[in-house]
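The figures here come from the full heavy-atom set of this structure, side chains too, leaving out hydrogens, waters and symmetry mates. Residue numbers count from 1 along this sequence.
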Amino acid sequence: LIVTAGEDATVRTWDAQTGEARRTLDGFTGPVNIAVIGPNRARILTWSYDDTRAYSLAPSGTVGVWDVSTGSLLMEFATRDKPIKWLDFSPDDRYAMALDSSGVARIWELDQRREVLRLQLDPADWAMFSADSTSVLSGSQLAGAGHPIQIWQVPEQARVSYRGHN
């Protein structure tokens, strides 16, 4: 299964082997910038932003979590009014994470539908969960210019920095 986000205000899922469209998530009022499918292929995270307002079936300033099989919006999480740079699911499909343009990563526990952790990752252009879902790795495009690659232990928030990799 492949997921795509489009300027046509839709998110689509596709059969990876046949290339056929499987489902369309619509109702967005503007281009969808980010769509990420979860590890068990049952949920999709979405975000859309045009520098003046966020667009989604979910309220403005939120990340939407969608059911792949029904195409329905399951839940939404507030992210303030900052553009989202990165979305990720934890490999165990327990958490969702959004990294905003100010370097703040919010982590939500999906079954409990609540924010469980907020990390200031600045500077960070990307963030992702470790394979065992216990850490968040973050970095900047400027990592070789003295900005560290960081690993955050979840939920303890302990940080390890790695500098000097070019």
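Between K85 and D100 no salt bridge is recorded (no basic side-chain N to carboxylate O distance below 4.0 Å). Note on R43 versus D93: salt bridge recorded, some NZ/NE/NH1/NH2 to OD/OE distance being below 4.0 Å.
Of the residues listed (L25, V36, L1), the one engaging I44 in a side chain to side chain contact (heavy atoms under 4.5 Å, CB included) is L25, and it is the only one.
The line from CZ of R23 to OG of S69 is 6.5 Å long, rounded to the nearest 0.5 Å. Here I151 contributes atom CD1 and L137 contributes atom CG; the two are 5.5 Å apart, rounded to the nearest 0.5 Å.
The heavy-atom pair separating I107 from M97 by the smallest distance is CG1-CG, 4.0 Å. Residue A127 comes nearest to L121 through the heavy atom pair CB-CD1, 3.9 Å, listed as atom of the first residue, atom of the second, then distance. Minimum heavy-atom separation, D8 to T10: OD1-OG1, 2.7 Å.
When atom types are taken as modelled, the side chain of R114 and the backbone of E109 share no donor-acceptor pair closer than 3.5 angstrom.
Y95 and F129 have parallel rings, their planes meeting at less than 30° on a 0 to 90° scale where 60° marks the start of perpendicular.
No hydrogens or angles considered: a donor-acceptor pair under 3.5 Å links the side chains of T46 and W66.
Cluster annotation: W86 and V116 are assigned to the same hydrophobic cluster (Ile/Leu/Val/Met/Phe/Trp/Tyr, side-chain heavy-atom contacts under 4.5 Å, transitive).
Looking only at side-chain heavy atoms (C-beta outward), T4 and W14 come within less than 4.5 Å of each other.
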Evaluate salt bridge (charged side-chain N to carboxylate O under 4.0 Å, His left out) for R94 paired with D111, printing each intermediate quantity in order.
CA-CA 7 Å; R94 183 176 174 193; D111 289 342; over 6 Å; no
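Atom CZ of R22 has 12 or fewer heavy atoms from other residues, nucleotides or ligands within 6.0 Å.
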